[in-house]
Amino acid sequence: MVGRALTSLFWGVVADRYGRKPVILIGTFSVVVFNTLFGLSTNFWMALSMRFFLGCFNSLLGTIRAYASEVCREEYRALALSVVSTSRGIGLIIGPAIGGFFAQPVEKYPNLFAESSIFGRFPYFLPCLIISVYAVGSLVACKWLPETLHKHAEKAHERADLHDISEHSSNDSGQKDNIVELEDKQIHKSNLLKNWPLMSTIIVYCVFSLQEMGYSEIFSLWAVSDKKYGGLSFSSQDVGEVLVISGFGLLLFQLLLYPPVERRLGPLMVTRLSAVISIPLLSCFPYIAMLSGVVLHLVINCAAILRNTLSPQSQRGAANAISITAMSVFKAFGPAGGGALFSWAQERQVASFLPGDQMVFFALNVVQFIGLLLTFKPFLAEPYQRE
């Protein structure tokens, strides 16, 4: 996330100048190279460096959002962005499944993988290899992607022509002052950093992203920790199964339920309701650890599905390069902060105030509550609406 935060604006400029397709190809190729090397890491610093370089060279999210909005006709743009969002849901199914079922293959599948093989020396190489091979297939498929940068340029040229026509018409009708006023508004809006409706939206989204990344980090640590520390005593395969099921639930929610709910309530109200429901839900997580057997698996899967569907929808980020840069900065603190918070909570199992994991989920709720407050005026400004 730090690498992505440092380079998202750069790749956005490159995509606008040289095309969307080259940036997509570079980003996909970086997955092949750095993800493979990550699986072959021999120490912590090599693993950290490979993830950093993967973030530096991978700016697919913002570029593909721009590409999806340009490759389709205007009436299909909403559908195109929904497809981009749905692909995230598919990734939340495939990714955890690969990690949960193929990590440490020598221990899980001793009849297929020998201890002396490369998978014995590098127990997490197999899931990385599978993902890299998948990325190679995606890289080959990118060969048939049409470039859309020329469409972006054509639209800018059309807007310029319309501006010339409007200015000429205004001179003839004596309405030049109105055109000048309109130009001033357009110039002001072109400066994204001064566009407070946009920037306030990005900040709110970043706060929710911080909470989401912190939850993702803490959930896995909490699930695999021992029950005597308030965890679930799950194996990595058990965690993978929960993430697969919750990812599948998110996919169904995005395809079937979210679009009609958003049309009826609006994105802002959906965000507020999600935050309000998430707070009591997260407060229940420490008590789920008291369950066992089939009941535990049933309850934790239902809770994980509900928590995933209540997270901010990724297609709601605005101004791709800026939002992804800011979001990446916040997401960079999520895993580190979540891990440090979890470690600290493990040391205070007998504290009088919010002992153990209760403090962890309380902290997540504090961030969620701050995000909820920021969705109201005067902080979150309403976008300018035309009459």
Please lay out, stage by stage, how W11 and V14 fare under the test side-chain contact (heavy atoms from CB on, under 4.5 Å). CA-CA 5 Å; W11 288 116; V14 172; 4.2 Å; yes
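With sequence neighbours left out, the ring-ring contact (aromatic ring centres under 6.0 Å, His included) criterion links F125 to F119. By the ring-ring contact (aromatic ring centres under 6.0 Å, His included) test, F53 is found to be paired with F34, residues two or more places apart in sequence or in another chain being considered.
With L310 as the partner, the side-chain contact (heavy atoms from CB on, under 4.5 Å) test is satisfied by one option alone out of T271, L281, L282, I305: L281. Screening L129, I130, L126 for a side-chain contact (heavy atoms from CB on, under 4.5 Å) with I98, the sole residue that qualifies is I130.
S220 places no side-chain N or O within 3.5 Å of a backbone atom of E217 that could act as its donor or acceptor partner. Although no hydrogens or angles enter the test, the distance criterion places a donor-acceptor pair under 3.5 Å between the side chain of S235 and the main chain of D238. Using a distance-only test at 3.5 Å, with no hydrogens or angles considered, a donor-acceptor pair links the side chain of K108 to the main chain of A103. The main-chain N or O of G339 is never found under 3.5 Å from a side-chain atom of W344 such that the two would form a donor-acceptor pair. A distance-only check finds a donor-acceptor pair linking the side chain of N58 to the backbone of L60 [under 3.5 Å]. The backbone N or O of K143 sits less than 3.5 Å from a side-chain atom of K21, completing a donor-acceptor pair. Without hydrogens or angle criteria, D226 side chain to Y229 main chain gives no donor-acceptor distance under 3.5 Å. The backbone N or O of S116 lies less than 3.5 Å from no partner atom in the side chain of R121, so there is not a single donor-acceptor pair. Not one N or O on the side chain of S246 forms a donor-acceptor pair closer than 3.5 Å with the backbone of A304.
Other residues, nucleotides and ligands contribute over 12 non-hydrogen atoms within 6.0 Å of the CZ atom of F101. Counting non-hydrogen atoms of neighbouring residues, nucleotides and ligands closer than 6.0 angstrom, the CZ atom of F52 exceeds 12 such neighbours. Within 6.0 Å of CZ on F234 lie more than 12 heavy atoms contributed by other residues, nucleotides or ligands. For Y109, the OH atom sits in a packed shell: over 12 heavy atoms of surrounding residues, nucleotides or ligands are nearer than 6.0 Å.
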Side-chain donor-acceptor distances from residues 354-369 under 3.5 Å, at least two apart:
unit_1, atom_1, unit_2, atom_2, d
D357, OD1, Q346, NE2, 3.1
D357, OD2, W222, NE1, 3.3
N365, ND2, I279, O, 3.1
N365, ND2, S283, OG, 3.0
Q368, NE2, S278, OG, 3.2

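Residues V71 and P146 are in side-chain contact: their nearest non-hydrogen atoms beyond the backbone lie under 4.5 Å apart. In this structure the side chain of F29 never reaches within 4.5 angstrom of the side chain of I26, judged on heavy atoms. Contact of the V23 side chain with the Y18 side chain is not registered, since no non-hydrogen atoms from C-beta on lie closer than 4.5 Å. Counting heavy atoms from C-beta outward, F57 and V33 have side chains that stay 4.5 Å or more apart.
Linking Ile, Leu, Val, Met, Phe, Trp and Tyr residues whenever their side-chain heavy atoms come within less than 4.5 Å leaves V13 and F10 in two separate clusters. Under the 4.5 Å side-chain heavy-atom criterion for ILVMFWY residues, a single connected hydrophobic cluster contains both L291 and F219.
Rounded to the nearest 0.5 angstrom, L372 CG and R272 CZ are separated by 8.0 Å. Put simply, OG1 on T28 and CG on L139 are 6.0 Å apart, with the number rounded to the nearest 0.5 Å.
Ion pair E70/R20 flagged as a salt bridge, since at least one NZ, NE, NH1 or NH2 atom sits closer than 4.0 Å to an Asp/Glu carboxylate oxygen.
Among all heavy-atom pairs drawn from C128 and N35, the shortest one is O-ND2, 2.8 Å.
With no hydrogens or angles considered, a side-chain donor-acceptor pair links S132 and T36 at under 3.5 Å.
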